[in-house]
2 protein chains.
Amino acid sequence: MTTLTEENYIKAIYHLGKHGTENVSTNAIAQEMDTKASSVTDMVKKLAEKDLVNYKKYQGVSLTQTGVLTAVNIVRKHRLWEVFLVNKLNFSWDEVHDVAEQLEHIKSPKLIDELDAFLDFPTHDPHGDPIPDKDGHFSKLDKVKLSKVAVNTTCTCVGVDDSSSDFLKYLDKHNIALGSKIKVMATEPFDESITILINGVHLSVSKHVSNNLFVRAN
Amino acid sequence: MTTLTEENYIKAIYHLGKHGTENVSTNAIAQEMDTKASSVTDMVKKLAEKDLVNYKKYQGVSLTQTGVLTAVNIVRKHRLWEVFLVNKLNFSWDEVHDVAEQLEHIKSPKLIDELDAFLDFPTHDPHGDPIPDKDGHFSKLDKVKLSKVAVNTTCTCVGVDDSSSDFLKYLDKHNIALGSKIKVMATEPFDESITILINGVHLSVSKHVSNNLFVRAN
DNA sequence: AATAATTTTTAGATAACTCTAAAAATTATT
DNA sequence: AATAATTTTTAGAGTTATCTAAAAATTATT
Ligand SMILES: [Mn+2]
Ligand SMILES: [Mn+2]
Ligand SMILES: [Mn+2]
Ligand SMILES: [Mn+2]
C-alpha cells in the first residue's frame, strides 16, 4: 500500500521524467515538491525498497513498471475528478486542481470506474490533458502549440500547457476556452507576440500565451 | 486547521456522547477508534489545547462549541458523499461507508455545497440518518424502532440503527429497504422475534432486526 | 590535472501519532 | 473504611516524514 506522501513523490517523478521513463534528479524532485533534497533522498530510498523506483546513488531516479502503473492510476483519478468538478459541480477550470490533488488519493476499487462511467468515459480533462483508461492507455490527440501555427490558419483550442490559475483566468477573461476557434492574423518578430481572431474579436497575445495554448489544425 | 486524525477523534467523541454534549470516557473513545487509551489521552490533550474539547483529567471529554461545529461538518460531508455514491454511482448502501470515511476529510469550501445542490439538498443519507444543512441544522424525523410497533399496525421503514455491512445485506436479501411498507403480524414473547408482512411476504425476524430498524407510523 | 562550484547524501534533530509498561487516580467490593 | 479492581495518565520508546548542517561525490572551470 502506498501512502499519500509516497503517491505524491511518484507523481512528481512521473511528471518530471517524461512519464517516469527518464532519470530525474534529486533537486528537481525537491523543487517540484517544495521540499528539501535530503528529504527526497530519504523517500527515494524508501520507494526503491518498495520497488516503485530505480535508484542508484547520485544517478537520479526513474519509475519501475509498478511505479508507472501507480502514477498513471493517480493521474487517471486526478483528471476524472477534475472533469466531475467542472461538468457536474460548476467548478471553473482554474478552481479544480487543488481539490483534485486531494481526491486523487481516495482509495476505492469501485469508485473511480463508476465515476468514469457516470461521466461517460471522458478522454480529456478540463485542461485538455488525456485521461488514461482503466488499463492505463492514453488516447493520443495530436496537438500543437499555437506559436507553431502559420499566419492565416484557423485552428481549434484543445488544451493548455500552463494550467496555473492566473493563466486560466486570463483565458477566461478573453473568452478563450477548449473548442474555441482561433485564426492567426499576424506575428510580431520583435517580441514574438501574435495577433489572433477569436469570437470575431482581434486580440494580441504574448509569446507566453501562444506557447502555452495547444491547438488542433482544422 | 484540523488533521485527518484529529477529525476522526472529534467524530468519535461526537457520536459517543449524544452529539458531543455528554462526557465521554477515554476507554470508550479508545474502543471506538480501535486504539489505546494512552493514545487517546495524548490526543485529547492536544484537542483541548486547540479548544475543540473540554477536558479535565480523569473526568472524560465533551466537545466545545467549535468542536461540535467541526463534527457536524464532517457528518454532513460523510452523509452527502454516501448519497452521492448510492444515487449517482450505483453503490449499494452496504458499500458506501468506508469510501465516505475517506471522502469526509476532503477540504474544499466549494465542493460540499455544490455537491449538496447537485444531489438536490437531500435531508437523509442512504441509511436514513439526517444530513445537517450548511448551518448545521438537522431535519428531525420522528422515527421509532420496529420493535415498538403494535401488532396489526402498518408502518414505513425509514432508517437503520445498525449499518454494518452484514445487517444491510440481510435486509437487501429480504427486500427490506427505506420506504418499504411493513405490517407487524405477531410477536413471540419467548425470544422477542416478530412476524412481519413485507411486499406480500410473511417473514419472521429476530429481536436484533426489530431493534435496529427505524420506522414511521403510517 | 588540480581546484572550485554544485549536487547529493549522511548524520542528527524535531514533530505528529502510536505503542507498551508502570504509576496514579477513581470506582467497586468487602 | 480498607482493600481490590478498573480506569486513566505518565514515562519512555518506535515510526514516518520532515528539517539543518556537514560530509562526500559529481560536474564545471581554470
Ligand atoms: Mn490538475
Ligand atoms: Mn488537469
Ligand atoms: Mn457511514
Ligand atoms: Mn450513513
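The figures that follow rest on heavy atoms only: side chains count, while hydrogens, waters and symmetry mates do not. Letters A, B, ... are given to chains in the order of the sequence lines, protein chains preceding strands, and every chain is numbered from 1.
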Problem - A/His19 and A/Phe138 aromatic centres sub-6.0 Å - result: yes
Scan [X] against the nucleic acid and name what it touches under 4.0 Å (heavy atoms): base, sugar-phosphate only, or nothing.
X	value
B/Lys45	sugar-phosphate
B/Ser39	base
B/Ser25	sugar-phosphate

Protein-nucleotide distance ([X], atom [atom1]; [N], atom [atom2]), rounded to Å:
X	N	atom1	atom2	value
B/Asp42	C/dC19	CG	P	10 Å
A/Gln59	D/dT27	CD	C1'	12 Å
A/Lys56	C/dT9	NZ	P	13 Å
A/Tyr55	C/dT8	OH	C1'	7 Å
A/Met1	D/dT16	CE	P	16 Å
B/Lys57	C/dT26	NZ	P	10 Å
A/Glu6	D/dT18	CD	P	10 Å
A/Asn27	C/dT6	CG	P	12 Å

Exercise for the section: Look at the side chain of B/Ser38 and the base of C/dT20, then say whether one donor and one acceptor between them are separated by less than 3.5 Å. Expected result: yes
Handout entry: side chain to side chain contact (heavy atoms under 4.5 Å, CB included) partner of B/Thr2, chosen from B/Ile10, B/Leu52, B/Asn8
Key = B/Leu52
Practice task
Examine the side chains of A/Ser164 and A/Asp162 and answer whether a donor and an acceptor come within less than 3.5 Å of each other.
Solution key: yes
Exercise for the section: Go through the side-chain N and O atoms of A/His127 and A/Glu82 and say whether any donor and acceptor fall under 3.5 Å apart. Expected result: yes
Fill in the blank from the handout: The residue, A/Lys36 or B/Thr41, whose nearest nucleotide of DNA chain D is more 5′ is B/Thr41
Handout entry: Residue mapping more 5' on DNA chain D - nearest nucleotide basis, A/Tyr58 or A/Met43
Key = A/Met43
Fill in the blank from the handout: One should read off an interatomic distance between A/Ile74 CD1 and A/Glu101 CD, to the nearest 0.5 angstrom, of 10.0 Å
Problem - Geometric cation-pi criterion, B/Lys110 with A/Phe91: 6.0 Å, 45° - result: yes
Handout entry: Helical stems, DNA chain C - three or more consecutive Watson-Crick or G-U wobble pairs below 3.5 Å
Key = C:1-30 with D:1-30
Practice task
Would you check, one step at a time, whether the test side-chain contact (heavy atoms from CB on, under 4.5 Å) holds for A/His124 with A/Ser139?
Solution key: CA-CA 8 Å; A/His124 294 82; A/Ser139 71; 3.5 Å; yes
Exercise for the section: Give a yes/no on whether any side-chain N or O of B/Thr3 is located under 4.0 angstrom from OP1 or OP2 of C/dA16. Expected result: no
Practice task
Using only side-chain N and O atoms of A/Tyr9, determine if any of them is under 4.0 Å from OP1 or OP2 of D/dT16.
Solution key: no
